[in-house]
A.B. asks: 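Quick one: the structure is below, and I'll ask about it shortly.
All values derive from a computational prediction rather than experimental measurement.
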Amino acid sequence: MSLLNYNRYKICISPGSAKRQGLRTGDVVRRQYFDGQNIIYTLMVVLDTGTDLITTLEGQQKESAYFVGALLDGDVPQDGQVLDFVRVTNLFDEDRSGAMYLTASDSESPYMDIIDGMAQEKSLCYPGNDNTCRYTLADGDCLSGEYFSYKDGCNRVFRMVRNGIPLAGETGLQQIIGKGLENPERILISYKIRASEDFPTIPFSLGYTDGSETDGSGTIHVSTDWQYKLTLITIDYLPTYERIFKLDLSGLQADDWCEIAELNIIRLSDIATFADATKARVGKIRGIIDPTFGRLDGYGAYFQNLYATRNVNIAGTLTAGDESGFASTFYVGRIHKNCLINSSSGHFTGIVEKAVGEQPPAGIGDAFRIPAGGVTLIAQTRSWAETHQGESYCFSFWAKGTPGTLTVSQNGHPLQEIEIDDQWKRYHIPFVIRYEEPEDVLIEIASDITGAMFCCAQLEKGERPTLYQATDDKLADTDEYGAWFSRGGIGGTIQNPLLKLNADGSISAGDGSFVINPDGTGYFAEGRFKWTKDTITLQDVTIRWEDFDDRAKENLLTKYVTIVGTNLFHYADALQEDACEPKEIILFATEYNFTARARRWQYMESEGNWKDIPGSNSDFFRLLPDAHFWENREVLTLKYIANPDESEYFETVTISKQYDGADSYSVYIASANGNVFRNGIISTTLSARVLKGGEDVTELIPDKNFSWTRAGNNPADDTLWNSVSHTGKVLEITGEDVYRKAVFDCEVIISTQ
C-alpha cells in the first residue's frame, strides 16, 4: 500500500517586508525561477495559514505571516532561496480557481497565461447535488445522509447521521472514481471534516471496488471543528479496475453524526501542469492544443472567449469551428486555400472503398479505407506542379485504425512515416513540391496494417496546417478573398459554391442556371423561365394564374389512384385449401383529382406479363382464392388502371396466401403522386411497406435493409443509377430519375439488424 507521508514546510514572510499573506487553505501554490544555473521549482498545497509574533534584533515584536504547505512535487524549500509562491488554483474554492501565469523560463516561453478551473474540470470526484456526481453512502440503512450546498462556512456539505439499526457490515462514505488510474501516478484526496465528538481513528482507503486490492489506506483524527485533510496515494495496481474511496464510519454510535465538505479527488499531474487549463495566452502560443485548431504554433494571442465592440478590424482570415471540434461553419478569407482536388469525395487513381458509417471529424465529406496496396491521391495537375515546383506546402489529413504506421510519399519520394491509433487524429507533413514530367502531383499513403482509414485531406501553402477547408472537383485558382457559409447560409464549397454572391448584388446558381437580381427580377433554366414583379414569362409567353380556365387548373392538379383492401388469404391447414379466411377479398380503388372514363383490372402472369381480367370495369374488384389467374401460385399481383382521357393512371397491389406454420411477407409500394406524369414534370415519393401475414412490420425493419433498383428504357443509365446505393423506406423521384418510363423495385432484407 502506498500512502505518501508528505513533508510539511512553514514558509514565513519577513516582518520587515511589505508583502502580505494572501494565501488560504486548499490553495495550490508554485514557485519557479532560474538561479543562474538551475530552474528551481516547487509545488505545494496550503494546509494552514496564520501569523507569528517574533522579536527582532532591536527587541521589537512584529507580526510575521506564514503558511504551512504540503510538498507535492519539485525542490525542497531552503533558507537563502527565493520563497515567493503564487497561487495557481484551489482544490475546493471555485472563486480562487484561476490565476495569471507569466513565465520566461518554461519551455516555449515567453508567454502569459490565464488559467482557470483545472482543479474542478480535471477532478476525478467532485460531488455535489447534481446528477453527474453526488455524495454516496454504503449500502444499508445504518446511516442517513443529507446534502447542504452551504453550511457553517463550507460548501458542498454532506451530513451523515447514525441511527439505531444494528450494523450489518462496514458503513460510511463510498465514492466511486471509475477506471483509468495509471500505475504509477499520485492521487490527491482533499476535504474538510467534523463530527459530533472526537474520533481519534476513522479509517479511510482507496482501492478496487470489489475490495480485492487497496492502493492506500490509513486513519484520520476527526474533532468537533472543521479540519482540512489532504491525503496523497500512489496507485499500485492496474488501471482497468474501478476505484472507490471509502471513509469508514462504523465507529459512530446512535445519533452520532459526521459531516464532510468540499471533497475533491484529483491527479497530481492535473494540477502540476496546466496546459489544458489555459483559457487565454499572449506570447508564444506553441504547445497549446485546441480541440478545433489542433496544436498551435508561433507568436500570437489565444482566447477561449473573445468580446470586442466598436472597431474590429481583421486583415487575413476569419474562420469558425463548430462545437464538435473541427468543421468550418463559416470562412472569410482567401478563396483558394486548400489546393487538393476533391478532398470531400476523393480524387484517386483507382477505386477506393468508403468507410460507411464513419463520420469524418471535420463533419463534411467521406472517410476512406486504405487497402493493402495503399491509396494514391491525384492532388494536383502537372501544369500546377510545374508552376509551383520548389515551393513549400503542407499536406494534412485525419487518420485512425489499429496502432500502426502510415507511409506518405509524393510521386514515389517518401515524405514521412506516421504512427496512428484507434482515435481520429490530424497529422501534417511539410514538404517541397517536386515536379517530374509528365506526372501529376500524386500523394501516396501506404499502411502496414489492415483497417486504417483517412479523410479530410488538405494541401495548402506554408509549413503548418490551418482549419480544414473542404473542396470538390472544381478549384478556383485565385488570390482573391471571399466568404463561404456551410450552415444557415449558402452551401457547396468556397471554391464552387451552390449560390454565388455577385458584385452587382445579384444571387446566382453556381452553374448559372438561375439569377435573382436586386430589383426582384430574375430567371430560371438559363432564361427560359423569366419573371418580373407582375408577370411570369415562359418562352416569350406571359402566364397569369387568373388566365387559366377551370380545365387547365384541373390539369395542373396531381392525379393518381390508390388501392385499399385486405391482401392476405389465411389457411388454417395447408391440406384444406377450401377452408380459408376471408372467403373473398374486395379491393377498392380511389381516383384523385379526376374521374375515369374507362377502368380495368389486370393480373401478372407467371411469365411476368400483364393480362386483362374480363368484366373488371369498375373501381372495385372481388378476388376469390380459387380464381384461375392464381396459376397455382401463393402470391398474386393485381393492377388497377384508370383512363380519364388518353392518359393512364395505375396502382398495383400484391395478394398472398398464408398457411399456419409459415409467415408470408409481402412488399407494397405506394406512390404519393400517382404513377403517370405529363410534360416531363415528375415529382413523387415511393413508400415501401412490409407485411408479415396481415400485420404491418415496416417500422421493425431498419432503413438500410430497404434497397431500391430501377429498370427503364436505357440499360446503361439503369446500370449507372443502380451503382449508387439507394436505401430507405421512402424514395424521392424526380425527372432526373425517369426518362419516358421506369420501373422501381424495392428489395427488403427481413431483419431487425
Side-chain angles (χ1 to χ4, degrees), residues 2-35 38-93 95-97 99 101 105 118-119 153-154 186-194 198 200 204 216 218-234 261-264 266 268-269 271-272 274:
S2 298
L3 178 66
L4 180 64
N5 294 317
Y6 49 80
N7 293 324
R8 296 168 172 81
Y9 295 90
K10 186 176 184 179
I11 310 298
C12 302
I13 295 178
S14 171
S17 171
K19 296 181 179 178
R20 298 177 62 87
Q21 171 62 274
L23 300 179
R24 298 180 186 175
T25 301
D27 284 345
V28 178
V29 296
R30 175 179 180 142
R31 67 164 181 161
Q32 182 174 317
Y33 67 95
F34 184 64
D35 67 354
N38 302 298
I39 292 179
I40 306 300
Y41 156 73
T42 303
L43 185 71
M44 306 176 77
V45 170
V46 176
L47 302 177
D48 192 15
T49 62
T51 303
D52 287 336
L53 285 176
I54 64 173
T55 303
T56 65
L57 295 176
E58 293 79 15
Q60 297 178 336
Q61 284 193 332
K62 292 188 175 182
E63 292 184 346
S64 174
Y66 68 87
F67 75 88
V68 177
L71 180 62
L72 304 181
D73 192 22
D75 302 301
V76 173
Q78 297 180 8
D79 290 338
Q81 293 182 340
V82 177
L83 297 174
D84 286 340
F85 285 83
V86 295
R87 169 179 56 83
V88 293
T89 190
N90 188 284
L91 291 176
F92 54 82
D93 189 345
D95 292 334
R96 299 175 62 81
S97 64
Y101 181 71
S105 60
M118 59 183 176
C154 292
R186 286 182 178 170
I187 303 300
L188 278 72
I189 305 174
S190 166
Y191 56 94
K192 295 179 181 178
I193 193 169
R194 70 178 180 180
D198 283 354
F204 68 86
T219 61
I220 57 172
H221 173 265
V222 179
S223 69
T224 57
D225 295 324
W226 286 117
Q227 291 181 312
Y228 180 65
K229 304 293 182 180
L230 179 69
T231 301
L232 271 67
I233 295 177
T234 302
E262 300 175 343
L263 173 64
N264 189 4
I266 191 170
L268 172 61
S269 59
I271 59 172
F274 42 79

A.B. asks: Taking all non-hydrogen atoms of both residues into account, name the closest pair between G218 and L3 and its distance.
C.D. replies: CA-CD2, 4.2 Å

A.B. asks: Does L72 reach the side chain of I271, with side-chain heavy atoms less than 4.5 Å apart?
C.D. replies: yes

A.B. asks: At their closest point, which heavy atom of R31 faces which heavy atom of Q81, and how far apart are they?
C.D. replies: NH2-OE1, 2.7 Å

A.B. asks: Which value, rounded to the nearest 0.5 Å, describes the distance between D93 atom CG and D27 atom CG?
C.D. replies: 7.5 Å

A.B. asks: Quick test of your reading of the model: are R24 and D95 salt-bridged, counting only N-O distances below 4.0 Å?
C.D. replies: no

A.B. asks: Of the options V86, I11, V29, which is the one that meets L23 in a side-chain contact (heavy atoms from CB on, under 4.5 Å)?
C.D. replies: V29

A.B. asks: Go through it in stages, so that I can follow the logic: the residues are R30 and L43, the test is side chain to side chain contact (heavy atoms under 4.5 Å, CB included), and I'd like the CA-CA distance, side-chain angles, deciding distance and then a yes or no.
C.D. replies: CA-CA 5 Å; R30 175 179 180 142; L43 185 71; 4.1 Å; yes

A.B. asks: At what distance, to the nearest 0.5 angstrom, does CD1 of I233 lie from CG of L4?
C.D. replies: 9.5 Å

A.B. asks: Can you tell if the side chain of L47 reaches within under 4.5 Å of the side chain of Y228, non-hydrogen atoms only?
C.D. replies: yes

A.B. asks: For E63, is the CD atom crowded, meaning more than 12 foreign heavy atoms sit under 6.0 Å from it?
C.D. replies: no

A.B. asks: Would you check if V45 and S190 make a side-chain contact, meaning some heavy-atom pair closer than 4.5 Å?
C.D. replies: no

A.B. asks: Name the residue from T89, V28, I266 that meets the side-chain contact (heavy atoms from CB on, under 4.5 Å) definition with M118.
C.D. replies: T89

A.B. asks: To the nearest 0.5 Å, how far apart are CG in D84 and CD1 in I13?
C.D. replies: 8.5 Å

A.B. asks: Of the non-hydrogen atoms in G26 and F92, which two are nearest, and what is the gap between them?
C.D. replies: CA-CE2, 3.6 Å

A.B. asks: For the atom pair NZ (K10) and OH (Y66), what is the distance rounded to the nearest 0.5 Å?
C.D. replies: 5.0 Å

A.B. asks: Measure the CZ-OG distance between R87 and S97 for me, rounded to the nearest 0.5 Å.
C.D. replies: 8.0 Å

A.B. asks: If every non-hydrogen atom of F204 is compared with every non-hydrogen atom of T219, which pair is closest and at what distance?
C.D. replies: CE2-N, 3.4 Å

A.B. asks: Is any side-chain heavy atom of R194 closer than 4.5 Å to a side-chain heavy atom of D225?
C.D. replies: no

A.B. asks: Check whether any side-chain heavy atom of V82 sits under 4.5 Å from a side-chain heavy atom of I40, and report yes or no.
C.D. replies: no

A.B. asks: Indicate the atoms forming the closest heavy-atom contact of Q227 with H221, along with that distance.
C.D. replies: OE1-O, 3.0 Å

A.B. asks: Do you know which two heavy atoms are closest between Y9 and N7, and how far apart they sit?
C.D. replies: CE1-CB, 3.5 Å

A.B. asks: Parallel, tilted or perpendicular: which one describes the rings of F67 and F85, with boundaries at 30° and 60°?
C.D. replies: perpendicular

A.B. asks: Side-chain contact test, heavy atoms from C-beta onward, threshold under 4.5 Å: evaluate it for L230 versus Y6 and give yes or no.
C.D. replies: yes

A.B. asks: Would you call L188 and L91 a side-chain contact if the rule is heavy atoms closer than 4.5 Å?
C.D. replies: yes

A.B. asks: Here's a test for you: under side-chain contact (heavy atoms from CB on, under 4.5 Å), which of D73, D75, V76, L83 qualifies with T42?
C.D. replies: D75

A.B. asks: Roughly how far, to the nearest 0.5 Å, is the CD1 atom of I193 from the SG atom of C154?
C.D. replies: 11.5 Å

A.B. asks: Hey, does P77 have a side-chain heavy atom less than 4.5 Å from the side chain of M44?
C.D. replies: yes

